[in-house]
Amino acid sequence: MSMTVCVLASGSSGNSTYVSAGGTAILIDAGLSARELTRRLEGIGVLPQSISAVCLTHEHSDHTGGLKVLHRKYGWALYANSGTVDGVARNPDHVGLKWTVFATGSAFQIGALRLEPFTVSHDATDPVGFVVNHGEMRLGLVTDMGMATEVIRQRLTRCRVLVLEANHDENLLKNSKRPWPLIQRIQGRQGHLSNQHAAELIAHVAGDTLEVVYLAHLSSECNQPALALSTVAAHLKSRGLDRIRLEVCCQERASSIWSP
Ligand SMILES: [Zn+2]
Ligand SMILES: [Zn+2]
C-alpha cells in the first residue's frame, strides 16, 4: 500500500500539501494562488483535474488564499469543520462556497484515504491537524500550533511520515525587531511551534515506525533552514533517532516527493 506525499509550499505566505494513495488524490490546504499551485502540481507531474478534494486545517489566508479560484476552476470538493467554514466565510470572497463539513475528532473517508482530524491549539476558529491513512500507511500533518498537546502526541504516534511545524528559533524570535505583542502571540499557546519543541515532539512520537519528517512553516525572519535542521537533528541524535530523514520545506518550491 503506497502513498505519495509532497509539500508543495510551506511558510507564512502559503501552504499546501499533496497526498495521494489508492487512486485518490487530495490537498491539505490551498494557500497559494491558483496559478502557482497549478504550476507546482504540474511540476511534480500531477494534473490538477486528478485531485478530488481540499481539506482545510484552518481559515488563515496562508492556507486558503487560492481556494475560491481553484474550486471554481477544477471543481475540487471542499472539506472543513464548521468553525473553519465560518472563519473562511468571514472573507466576503468566500461566501457561497459549497462545503462538506467534518467533525473534529471523527474520522472520515475520501475515496481510498481515511482522514482523522484532531484539535490543535492556534489562534483560529477551530484549527485541526490531520492523520491521513491508507491501509497501514500513516501520514501525520500538523503546522500552526502553539504547543504540542497530549492529543497531538497521541495522534502522531505510529506515523511513517510527518509534516510538522518548526516555525522559529526561540532566540532569533526573542531578539527579532518584531513588536513585543507579535512575539508573544507567536510564542504563546495559540501561536507557532519552535524548532526545539518540534524536535521534542518528533522524538516523543517516533517509535520505530517514523522514517521521514518534513519540517514546515518556517518563519522567514525568525528561523533559518540550516538552524531548524541542526536543532532537530541534534535532538534526534541524542535520542538515538538519527535514522529519521529530515527535510526542510520552503516557500519558493515544492519538497522532494515521498513515495516509498
Ligand atoms: Zn499558517
Ligand atoms: Zn495559522
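In listed order, ligands and their atoms are each counted from 1. No hydrogens, no waters, no symmetry mates; every other heavy atom, side chains included, goes into these values.
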Donor-acceptor pair, side chain of His134 and main chain of Ser20, under 3.5 angstrom: no
Pairs flagged by ring pair (Phe, Tyr, Trp, His ring centres under 6.0 Å) wherever residues 3-57 is involved - sequence neighbours left out: none
Check: Phe130 ring centroid to Tyr79 ring centroid under 6.0 Å: no
Parallel, tilted or perpendicular: ring planes of His192 versus His122, cut at 30 and 60 degrees: perpendicular
Donor-acceptor side-chain pairing of His168 and Asn195 below 3.5 angstrom: no
side-chain hydrogen bond (donor to acceptor under 3.5 Å, both in side chains) between Ser194 and Glu170, worked out: CA-CA 6 Å; Ser194 70; Glu170 285 160 35; 2.6 Å; yes
Number of protein N, O or S atoms [distance to the Zn ion (ligand 2) under 2.8 Å]: 4
